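It should be emphasised that the depicted structure is a prediction, and the values quoted were computed from it without experimental measurement. Chain letters run A, B, ... following the sequence lines, proteins first, then strands; residues in each count from 1.
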2 protein chains.
Amino acid sequence: MAVTIKDVAKMAGVSPSTVSRVLSNHPRISAETSRKVKDVMEELGYHPNIMAKSLVSKTTNTICVLLPKPAEELFSNLFFMELIRGIVAQANRAGYDVLLSSGSSEKEELGAVSRLLNGRRVDGAILLYSRKDDPVVDFLLEHGYPFTLIGRSEEHPDILTVDTDNVQAAYDATKHLITMGHERIGFVSGPPNLVVSQDRLLGYRLAMADSELEVRPEWIVEGEFLQESGYRAMSFIMNLPARPTALVVVDDMVSFGVLRGLHELKYKVPDDLGIVSFNNIPLSELSTPPISSIDIGIYHLGYTASQLLIQAIQNDGAGYQPVRQVIPHRLIVRESSAFAVPRK
Amino acid sequence: MAVTIKDVAKMAGVSPSTVSRVLSNHPRISAETSRKVKDVMEELGYHPNIMAKSLVSKTTNTICVLLPKPAEELFSNLFFMELIRGIVAQANRAGYDVLLSSGSSEKEELGAVSRLLNGRRVDGAILLYSRKDDPVVDFLLEHGYPFTLIGRSEEHPDILTVDTDNVQAAYDATKHLITMGHERIGFVSGPPNLVVSQDRLLGYRLAMADSELEVRPEWIVEGEFLQESGYRAMSFIMNLPARPTALVVVDDMVSFGVLRGLHELKYKVPDDLGIVSFNNIPLSELSTPPISSIDIGIYHLGYTASQLLIQAIQNDGAGYQPVRQVIPHRLIVRESSAFAVPRK
DNA sequence: TCCTTTAGTGAAACCGTTTGCCCTTATCTT
DNA sequence: AAGATAAGGGCAAACGGTTTCACTAAAGGA
């Protein structure tokens, strides 16, 4: 049987309340008593029971990270790993624990959220990315639970979010290729129902328009955030009669697919096709060739999401206003866009 | 104010005890009462308070994953991602939540473990890999907390572990290269104080000995589980007067480093250097060229670790005997070891 | 018909903390 | 010197469940 606050109290010759107050540094405890109690705690190896504490304080010092439904595959993406790493680092620093939760179906997903939040097991949640009409967002909003969304919600512009300026990022990426001498530039996009896909596509279009370059519809290919998509997009694009000399690719994983396909077909990067993509996951610099990528500060994104969530939790009710925080990005130029060899 | 068991009881015209029993499917509740109570729960939107439940049941239905100290870098390794993915999947299936915990220093690490276990916030822990003389292992053992170690402990052979037969795996990898016609084979190892490094090195030696092939000391290079190590190992080895024609590499991430270096120096894989490595992380097939790798079933490893831990928790005390479970591995042959071009 | 089972439920104690309120002393005020 | 104030602690009631025990009513046994 574990040693409780009462055991300490008895041994120190004080009441349980006093021990509790020592624990929370209550001002009305004399230095002497505090000393004495702490000694006893040490001696007995006392550790406060977190559950009991949570029960009465109605706060768990725990947040949860909700892995999106198709987590099974996506989870393999280093992107999420980095995100979680940032979240955990900041949460731990702030004295919070992080619970990981995934559901294999949408129903399960909602069930898990409901169990965790309604069951008062966690104080708030982080959503790793934004889908359209996300029922989880609706649920959280409806119940007034604190949460941070990584990304941007079209339906709910006024919730707590941490995001990249994806339009600008894509603009920058595209401009970079243009600067390197490319004129025929394609775009490999993600699922059209993800806000991030839309934003990046828009940025690409803006940059092309600004430079008065033509954008042919067949140069824009949609897919998933998976390498297979990149592979497919690549074969489609390389078979076009007038094919682009460079590609803006929505995600590094997708670029890996493109790269692999090109390698199989004996094409050279960047000579035959320049590439720049997004996210700059830790492996972007390790591929052959290393991929130029927009660094969106994934770790930082997670770190900030965690920070804001905890702030929201702690100021809940106190007229807390949700924020939309934008994390700056920057282009990392590597070999995949090294120099232009425009072909006519 | 959230709706409690008492509210339900009042509304349903029964006692709280009855509601509680309905919740836990107690056999001695009439179908009629059960029906009635459940309706009321539904109507009121009742959700049991998990903390309260934990307090009295002295069980949290939560396990924690302890990220090793230098997690900051290692965490970027897809290996851990896969592991965690497996752990979470199985835990959730068994009705357990997973808490992620990392400490930036060894002291913090132990503090975290102690807080979580002693504070009764989690029922058990999973250690992601085994270090020599791990103080965390000592702590857990000393207090009798259930835990699973992924890997193998030299000091404590009789604890619950899930592992790969790394000796055999390395043997297989090496034999494969030999079968492909290689005779001069080197080995890029990990930190010497990790059991896994030792075991794999041993397997390599055994295979070489079995085939009566020479192993030159300079063909064995130690490093970290990081790509930089691979890069360094590569440049060292390629500068040897009589260099190997193939390499067994202790981890895929390290192979990426090797690959990158070779690419920079315009060497071809597998023509100039055959490579086979371990773990088969999801990116192994995406590199250029794709890496032959021993698939150790990372996900499965995590899944099993979780499963065994939960078993141990549930049978704790009931004469539970720790197990050492070995997950089978298999070689995935890809381009990096495609066919031998032995050089004299 | 009377006694023992058995099924179904309620009462109350308890899990380990926190905290509002009250009660002592010791220290000031005037 | 006596009432007021302040400082330091203790009591007991929550927090939201679970579980032992006791109780009632119906059923079964002799």
Could you tell me the separation between the CZ atom of R28(B) and the P atom of dA22(D), rounded to a whole number of Å?
13 Å
Measure the distance from NZ on K6(B) to C1' on dT18(D) and round it to the nearest whole Å.
12 Å
Roughly how far, to the nearest 0.5 Å, is NE2 of H156(B) from CG of L160(B)?
14.0 Å
Distance col, row I313(B):CD1 vs T148(B):OG1, nearest 0.5 angstrom, shows 8.0 Å
Supply the atom-to-atom distance L100(B) CG to I84(A) CD1, rounded to the nearest 0.5 angstrom.
7.0 Å
To the nearest angstrom, how far is D7(B) atom CG from dG16(D) atom P?
9 Å
Please check if the side chain of D7(B) supplies one atom and the backbone of T4(B) the other of a donor-acceptor pair under 3.5 Å.
yes
Residues R85(A), E82(A): salt bridge by 4.0 Å N-O rule:
yes
CE/M41(A) to NE2/H47(A) distance, rounded to the nearest 0.5 angstrom?
10.0 Å
Within residues 14-23 of chain A, residues whose heavy atoms come under 4.0 Å of DNA chain D
V14(A), S15(A), S17(A), T18(A), R21(A)
Given dG16(D), is OP1 or OP2 found less than 4.0 Å from the side-chain N or O atoms of K58(A)?
yes
Side-chain H-bond candidate by donor/acceptor type, R152(A) with Y129(A), under 3.5 Å:
no
SB check D123(A) K58(A) (cutoff 4.0 Å)
no
Sorted by position of nearest nucleotide on DNA chain C, 5' first, the leading residue of H26(B) and S24(A) is H26(B)
Take the protein atom CG of N61(A) and the nucleotide atom P of dT18(C), then report the distance between them rounded to whole Å.
12 Å
Could you state the CG-P distance from L55(B) to dT18(C), rounded to the nearest angstrom?
12 Å
Please state how far atom CD1 in I5(A) lies from atom P in dA14(D), giving the value in whole angstrom units.
19 Å
Just wondering, more than 12 heavy atoms not from E154(B) lying within 6.0 Å of its CD?
yes
Give the residues of residues 29-54 of chain A touching DNA chain C, defined as any heavy atom closer than 4.0 Å, sorted by residue number.
Y46(A), H47(A), P48(A), N49(A), A52(A), K53(A)
